[in-house]
Novice: 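This is the structure, below, for whatever I ask next.
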Amino acid sequence: MKHSALYKEALYPPPGYLATGDSYRTIAFSYRVGHATVAVIVKEVAGAIWTALVEETMPVPQMEDWRAIAAGFQERWDFPNCVGAIDGKHVVIQAPANSGSLYFNYKSTHSLVLLAVVDAEYLFRVVDVGGFGRSSDSGSLRNSAFGESLRDGSLQLPPDIVIPGAERLGLLPHVFVGDDAFPLLDNLLRPFPGRHLSCTTPSAGGR
């Protein structure tokens, strides 16, 4: 009965760990159990929520979904053939025991990496959580299921098309956009680095 009540405590307020972020030790003290037991239960509850809701709330985008996202970027940002913006975020954690430098990042903290793709309305469409903090955005992409699908062409992106007004360029692929921490790929654009340019060299924007 104690553990049954604790499973509910992990999910529902008050105080509810997932609702308030209350500490494991506080919940453990309230139910007279070890904080390690609380950690296991919270992990199991979070996993069950993800399994139950992922297909409803964040399904894997299909070709028609990518087309709709591209239409959103075209309408809102005047950016044709864009199917998402990608970036990584370091989520600070307490380093697990005996983990060495796996989670130690360039900001001199320990972290997990959240890699995400958003659409033109800033809504998450793809997420990958759990990359080691020492990994760069490029490394996190390379080691993720999304990155593997991007490389092997199994993302079901729409076929290449001709962009109106740029017919001379021929068929152009649908692309994701990221910052300069990401590699340049057929379906992933990054900013032009701008190295070795003189002060008199005009930029693409005319500035």
Side-chain angles (χ1 to χ4, degrees), residues 6-7 9-11 15-31 33-51 53-54 57-58 60-61 82-119 122-152 154-155 175-196:
L6 192 50
Y7 273 88
E9 177 76 6
L11 180 56
Y17 175 79
L18 297 182
T20 67
D22 203 359
S23 71
Y24 289 170
R25 293 189 180 275
T26 300
I27 298 175
F29 180 78
S30 299
Y31 286 86
V33 297
H35 68 274
T37 301
V38 176
V40 170
I41 289 175
V42 168
K43 182 178 181 180
E44 290 180 354
V45 170
I49 293 172
W50 173 262
T51 301
L53 298 180
V54 63
T57 60
M58 194 172 289
V60 176
C82 182
V83 288
I86 184 171
D87 202 3
K89 169 68 176 177
H90 286 269
V91 181
V92 176
I93 62 169
Q94 181 176 340
N98 304 315
S99 61
S101 61
L102 280 177
Y103 298 91
F104 192 72
N105 62 44
Y106 70 98
K107 296 181 179 179
S108 299
T109 61
H110 294 90
S111 64
L112 289 172
V113 177
L114 163 64
L115 189 70
V117 174
V118 299
D119 62 19
Y122 312 113
L123 298 178
F124 285 95
R125 304 307 294 260
V126 178
V127 295
D128 185 274
V129 186
F132 295 128
R134 73 174 184 179
S135 300
S136 63
D137 286 348
S138 178
S140 296
L141 175 65
R142 182 175 59 253
N143 296 327
S144 69
F146 172 77
E148 182 177 345
S149 297
L150 182 63
R151 291 192 303 274
D152 64 24
S154 62
L155 278 180
V175 296
F176 298 91
V177 291
D179 60 24
D180 55 7
F182 290 96
L184 181 63
L185 304 174
D186 289 345
N187 297 107
L188 176 58
L189 296 183
R190 52 170 288 172
F192 182 73
R195 301 188 185 96
H196 310 302

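If you're wondering where the values come from, they're calculated on a predicted model, not measured in any experiment.
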Novice: Using modelled atom types and a 3.5 Å cut-off, is there a donor and acceptor pairing between side-chain atoms of Arg190 and backbone atoms of Phe182?
Specialist: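 Between the backbone of Phe182 and the side chain of Arg190 there is a qualifying donor-acceptor contact (under 3.5 Å).
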Novice: Are Asn187 and Leu155 close enough, and set up right, to give a side chain to side chain contact (heavy atoms under 4.5 Å, CB included), and what steps lead you there?
Specialist: CA-CA 11 Å; Asn187 297 107; Leu155 278 180; over 6 Å; no
Novice: Any donor and acceptor pair, going by atom type alone, linking the side chain of Thr57 with main-chain N or O of Leu53 inside 3.5 Å?
Specialist: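 Yes; judged by distance alone, with no hydrogens or angles, the pair exists.
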Novice: Please list every donor-acceptor pair under 3.5 Å in which a side-chain atom of residues 108-117 meets a protein atom from a residue at least two apart or in another chain.
Specialist:
| from | atom 1 | to | atom 2 | distance (Å) |
| --- | --- | --- | --- | --- |
| Thr109 | OG1 | Asn105 | OD1 | 3.2 |
| Thr109 | OG1 | Asn105 | ND2 | 2.9 |
| Ser111 | OG | His90 | ND1 | 2.8 |
| Ser111 | OG | Asn105 | ND2 | 2.8 |

Novice: Hey, could you give me the SG/CG distance between Cys82 and Asp119, rounded to the nearest 0.5 Å?
Specialist: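 Going from the SG atom of Cys82 to the CG atom of Asp119 covers 10.0 Å.
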Novice: Considering all heavy atoms of both residues, which atom of Val38 and which atom of Val33 are nearest to each other, and what is their separation?
Specialist: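 The pair with the smallest heavy-atom distance is CG2-CG2, 3.9 Å.
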Novice: Verify, without hydrogens or angle tests, whether Ser144 (side chain) and Leu141 (backbone) share a donor-acceptor contact under 3.5 angstrom.
Specialist: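 Answer holds: yes.
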Novice: For residues Leu150 and Phe176, determine if any side-chain heavy atom of one lies less than 4.5 Å from a side-chain heavy atom of the other.
Specialist: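 Sidechains of Phe176 and Leu150: in contact.
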Novice: Take atom CG of Asp179 as the centre, draw a 6.0 Å sphere, and report whether it contains more than 12 heavy atoms from other residues, nucleotides or ligands.
Specialist: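 Correct, the count exceeds 12.
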Novice: Taking all non-hydrogen atoms of both residues, which atom of Ser138 and which atom of Ala181 are closest, and how far apart?
Specialist: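 The pair with the smallest heavy-atom distance is CB-O, 3.2 Å.
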Novice: In the structure I gave you, are the side-chain heavy atoms of Asp128 and Phe146 within less than 4.5 Å of one another anywhere?
Specialist: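 SC-SC contact between Asp128 and Phe146 ruled out.
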Novice: How many angstroms lie between CG in Leu188 and CZ in Arg151, if you round to the nearest 0.5 Å?
Specialist: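 One finds 11.5 Å between CG of Leu188 and CZ of Arg151.
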Novice: To the nearest 0.5 Å, what is the distance between OG on Ser140 and NZ on Lys89?
Specialist: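 NZ of Lys89 is found 13.5 Å from OG of Ser140.
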